[in-house]
Number of protein chains: 2
Amino acid sequence: MPSSNIPDIVIGRLPIYLRALTRLAAEGREVTSSHELGQRLGISSAQIRKDLSHFGGFGKQGTGYQIAYLIEQLKQVLQVDREWEVALVGAGDLGRAVAHYKGFLYRGFKIVCVFDNDPDKIGEVIDEYTVQPIDDMQQVIPEHGIRMAMIAVPAEAAQEVADRLIEAGIRAILNYAPINLNVPDDVHVQHIDPVVHLQRMTYYL
Amino acid sequence: MPSSNIPDIVIGRLPIYLRALTRLAAEGREVTSSHELGQRLGISSAQIRKDLSHFGGFGKQGTGYQIAYLIEQLKQVLQVDREWEVALVGAGDLGRAVAHYKGFLYRGFKIVCVFDNDPDKIGEVIDEYTVQPIDDMQQVIPEHGIRMAMIAVPAEAAQEVADRLIEAGIRAILNYAPINLNVPDDVHVQHIDPVVHLQRMTYYL
DNA sequence: TAGATTGTTAATCGATTAACAATC
DNA sequence: TAGATTGTTAATCGATTAACAATC
């Protein structure tokens, strides 16, 4: 965690707020309150106010928050008021689905290259991407100055892919492989494993 | 949260432990310690011991934990020592990828039906599944006694799909749509939104 | 003005960690 | 036995909540 003294758990909630606010805006709403937002998200209004107050006073007493303005501010805080180029490794079923996904673009991210090591897949075209050999990563990633990557390869290959990505300059990894990645302190990792979420729920059933 | 007085945050870590232990077993290891497991996961050994102690004494002083035994016990606690039938709603790119994913089966889950409301997709065959009309959910789900579902439809449709699933008897939902779902207290929801994870990391870049 | 809601402080609550006796 | 590691208690740390003055 290089910068700042703001709890990581707070940072983790900001994208959730941003998503809910964007939704409210899409519904045509212009103003909201910590109370309303909290109700929608199942979070206390006090927590929302406290979280936001780490970054400034975005609201107005008696009125609440201007949705458009708060969205703008949160995007700035999260640095998603720009577009981040992302590399994708893995062009199997999952990688293909990720490559197709249209939801990245309007929320700050753009996949710019897709890698795989399967000779059958290299050269294949997925939407606007041509699958490149994984050995080209070391060249392509620094060339574009890409700092974020998504891993969608089998569990066995994920750690090695991560190591090579980091060597190529990647500093943030979204890992879809069902395995824990070990990375240096200055590299950020997030895991997506649907089974973990399912297993968390079966406990209560 | 119907049952138990064990913190939800502890339950949330168990699947992570289970995944790491399964990995260790796959590497041919038979015994591990809270210290080793902690190192792999970036968690303190004390936390692992404390978490496990909620459910019993699974280790042996001086030795550590028998991996196979601990896996078995954790599966029992999480109720994934059986196979859960899961309904999938949405047969677009994402739903298709989810349907193809082989990783559910060996970790306690089996997709048994796929629904969509697009006439072009109904009747289509995805692996072993034939896409069924979404209007059949109310019949098919109770018939099979299915209690878990995954939502892979566009954000606009997700809340309505969730409402109908719950009406049909679903009590745990894994939501891939980038929107917060509001559900009754006795229904469990987990969200998967890759953009939220990416946005959480850009803050630090 | 009266009503509403913020931003912030202090109090509460809960989770993590440190430490160690028990024991394999 | 000596060394290692658990399970558990108590101490610490941090996050959430309640409450309210400020103010729109």
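Labels below follow one simple rule: chain letters A, B, ... track the order of the sequence lines, proteins then strands, and each chain is numbered from 1. Side chains included, hydrogens not; waters and symmetry mates left out as well; all remaining heavy atoms used.
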Exceeds 12 heavy-atom contacts within 6.0 angstrom, atom NE2 of A:H35: no

A:I146 side, atom CD1; A:K110 side, atom NZ - distance, nearest 0.5 Å: 10.5 Å

Plane angle bin for A:Y203 and B:F55 - parallel if under 30°, tilted between 30 and 60°, otherwise perpendicular: perpendicular

Spacing between B:L70 atom CG and D:dG7 atom C1', to the nearest angstrom: 14 Å

Distance test, side-chain N/O of A:R13 to OP1/OP2 of D:dA15, below 4.0 Å: no

Salt bridge (charged side-chain N to carboxylate O under 4.0 Å, His left out) between B:D93 and A:R96, worked out: CA-CA 9 Å; B:D93 280 325; A:R96 211 176 298 259; over 6 Å; no

Base-paired stems in DNA chain C, each at least three Watson-Crick or G-U pairs under 3.5 Å: C:3-24 with D:3-24

Residues touching DNA chain D, which here means a heavy atom under 4.0 Å, drawn from residues 20-48 of chain B: B:S33, B:S34

C:dG7 phosphate, OP1 or OP2, under 4.0 Å from A:Y65 side-chain N/O: yes

Rounded interatomic separation in angstrom, taking NZ from B:K50 and P from C:dT16: 9 Å

Heavy-atom neighbours of B:Q76 CD exceed 12 at 6.0 Å: yes

5'-most by nearest nucleotide on DNA chain D - A:T63 or B:G59: B:G59

d(CG, B:N5; P, C:dG14) in whole Å: 12 Å

A:Q159 side chain to A:D163 side chain, donor-acceptor N/O pair below 3.5 angstrom: yes

Whole angstrom value for the distance that separates P of D:dT6 from CG of B:L52: 9 Å

Whole-Å gap separating P (D:dT8) and CG (B:D51): 13 Å

Between P of D:dA19 and CZ of A:R49, the distance in whole Å: 12 Å

Aromatic plane relationship, A:Y204 with B:H188 - under 30° parallel, 30 to 60° tilted, over 60° perpendicular: parallel

Minimum-distance nucleotide (side-chain atoms of B:Q61 versus D:dA15, D:dA22, C:dT23): C:dT23

